[in-house]
Amino acid sequence: MGSNVVAFSGTTTANGRGLLLGNPHYPWQGGRRFWQSQQTIPGELNVSGASLLGTTVVNIGFNDKVAWSHTVATGVPMNLHQLTLVPGDPTAYLVDGKPERMTAREVTVADRDGAPVTRTQWWTRYGPVTSGLGASLPLPWTATTAYALNDPNAANLRGSDTALGFARARSTRDVAEALRRTQGLPWVNTVAADAAGHSFFSQAQVLPRITDELAERCSTPLGRVVYPASGVAVLDGSRADCALGSDPDAVQPGVFGPSRMPVLRDAPYAVNSNDSAWLTNAERPLTGYERVFGTLATPRSLRTRGGIEDVAGMAARGRLTVADLQRQQFANRVPAAGLAAADVAAACPSVLPAEPEACRALAAWDGTMDSDSRGALLFDRFWRKFTGSVPVAQQWKVPFSAADPVRTPRGVDTGTAGFAKALADAVAELRAAGIAPAAPLREHQFVVRGGERIPVSGGTESLGVWNKTEAVWNAAGGGYVEVAHGTSHVQAVGWDGGRCPVARTLLTYSQSSNPASAHFADQTRLYAGERWVTSRFCERDILRSPALKVVRVRED
């Protein structure tokens, strides 16, 4: 999945006030959809935004003074301790040479039919014993070794406190204070802007206190492999000095305090697209944080690189308004095209001499994933195949340089093994599905709601498009027939000096999942037409709504 968010400070805007564009990428179906609401308690609370199904607070939103959004962060919110077991007793382990017994806890839950299912968990001083972190990292419990999982968020119920702090905030300073006071967010970055012209970024995750020094001193052989690569620490559980320490400003033992977290205040722009905090602002890189928070001086995703190019250019032009945020959301520019499209089109006639139509489509493509773009579908299918089959080191002529991280790597290597096959396979795939290489995107990237085909613009993670759309390919059906996840709840927020925020919003898959509802596809149609909902935040605007219904509930 993933998300984008950018905050602009008043130094870049037309009126000296802040701006925020939040663009979370989440599933279009199921239990992780957002729903929109405005929550008002006179004199106490007035906030508008989106919440994940099942939550009672606004997760991403704005009030009359501040707006915020989140992106999934790169910090690793757990770690492992490798246990040395007592010979002959797999439920006891050694710490500084002394045996400690595990504690058995029986847990019973109901299965889908309501029948009880009981399992035994074995707990240690470090947490419960685990058999693996998915298929990628099996952790077998043998006669000599076991692994305990430390998850500092297992009992973290402070997320609602954080959200309420945001809802009541009057400035980005208050947002920072809510993060400091509650430490309630396990897995996201926070970006905010306010009416006074401040911008703010913080990777305020609740993370195990794994310093690089601790990892160097206490990593097991497995940990020395996986920690540099992934940030997952595997520490020696047989040594008491390898336990996690505590920071004095942390709200619970064993986690980092707020003073250790990456923060950027009042930069002209602060942007994140799910990479680490390093290039939140390319002119003011963030450094000095521990590996568990994310990497430094490593290649960025195309979405990160394209986002930085876009927002840095916007900040440099200045005099920004909410309308500029709206244009950015639907620019649908393909960063991969700027790096590779010209080379691909130039190589096409020699690689596919029997496909002049396909080569002409690539040469004429406008480099966007707009619904009317021709050639976009072909490049998209090619790029998926090329980047999915060719090692990264062989894709580019100019390798990554930490001194030029936004512009490198670049120059697609059309002579590398796999390039010709990826291009030929992409054309063949379209032909087999009955799709012309120059067919407009709208004919083949769409969703069906109530029998109506609604075209969906935007592009994939691999293409780096800000307006992310990850659609399901169905060759038999002739294209992308459903959106799995991507752009979800979008908010473009600013202030004009009045009492009401200037806000435009979109819930791409619409408010209701009930096909019989009038709100099953209304915002999806707006999204297809690149139109927005004008937020009615203030009471006077709400009362002017022609469709307003007032329902009063009385307690008897």
Side-chain angles (χ1 to χ4, degrees), residues 1-6 21-26 28 271 273-274 301-314 317 320 322-342 344-345 361-362 364-384 387 437-447 453-473 479-480 482-492 504-509 523-532:
M1 294 185 289
S3 303
N4 306 306
V5 60
V6 60
L21 175 60
N23 172 219
H25 304 147
Y26 249 57
W28 276 37
V271 64
S273 296
N274 303 114
S301 72
L302 282 182
R303 185 157 52 85
T304 290
R305 294 168 63 186
I308 291 172
E309 289 176 331
D310 290 347
V311 304
M314 293 168 68
R317 289 194 301 274
L320 301 177
V322 168
D324 292 294
L325 305 183
Q326 294 175 266
R327 281 188 285 272
Q328 167 61 19
Q329 179 59 42
F330 285 113
N332 290 323
R333 183 178 76 86
V334 178
L339 298 169
V344 174
L362 288 172
W365 178 42
D366 64 4
T368 75
M369 293 296 284
D370 284 333
S371 289
D372 292 326
S373 294
R374 296 176 179 270
L377 195 59
L378 172 57
F379 188 86
D380 180 25
R381 299 311 298 173
F382 155 73
W383 194 250
R384 290 173 184 253
T387 56
L441 186 65
R442 70 169 48 253
E443 293 181 1
H444 304 286
Q445 183 169 282
F446 57 86
V447 295
R453 283 178 33 153
I454 303 175
V456 177
S457 64
T460 64
E461 180 72 20
S462 62
L463 292 173
V465 182
W466 179 283
N467 183 26
K468 181 173 173 176
T469 300
E470 294 287 352
V472 178
W473 175 262
Y480 296 113
E482 186 53 80
V483 175
H485 61 270
T487 294
S488 54
H489 172 261
V490 191
Q491 59 179 29
R504 306 291 182 265
T505 67
L506 266 177
L507 190 61
T508 57
Y509 37 69
Q523 292 198 60
T524 309
R525 296 187 191 96
L526 292 178
Y527 179 58
E530 300 184 1
R531 293 176 291 156
W532 296 71

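No experiment lies behind these values; they were computed from the predicted model shown.
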Is a side-chain N or O of [X] found less than 3.5 angstrom from the main chain of [Y], in a donor-acceptor match?
X	Y	result
T469	G486	no
R442	S373	no
Q445	G458	yes
R504	R531	no
Q491	G22	no
W466	S273	no

Q) Can you check whether F330 and Y527 have ring centres sitting under 6.0 Å from each other? A)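 So the answer is yes for these two rings.
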Q. Can you tell me how far OG of S457 sits from CG of N467, rounded to the nearest 0.5 angstrom?
A.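 Here the rounded value is 5.0 Å.
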Q) Closest heavy-atom contact between P455 and S371? A)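 Closest approach of P455 to S371, heavy atoms only: CB-OG, 4.1 Å.
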**Q.** Heavy-atom closest pair, residues L463 and P335
**A.**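 Of all heavy-atom pairs spanning L463 and P335, the closest is O-CD, 3.3 Å.
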**Q.** E470 side chain near V483 side chain, heavy-atom distance below 4.5 Å
**A.**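 A side-chain contact under 4.5 Å is absent here.
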(Q) Under the side chain to side chain donor-acceptor pair (under 3.5 Å) test against E461, which residue among H25, K468, H485 passes? (A)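 For E461, the side chain to side chain donor-acceptor pair (under 3.5 Å) test succeeds with only one of H25, K468, H485, which is K468.
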(Q) Cation-pi check for W473 against R381: NZ or CZ below 6.0 Å from the six-membered ring centre and within 45 degrees of the axis, yes or no? (A)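 That pair qualifies as a cation-pi contact.
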Counterpart residues, salt bridge (charged side-chain N to carboxylate O under 4.0 Å, His left out), relative to [X] (two or more places apart):
X	result
E482	R449
R374	none
E443	none

Q | Donor-acceptor pair between T368 and N332 side chains, under 3.5 angstrom | A |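 No donor-acceptor contact under 3.5 Å links the two side chains.
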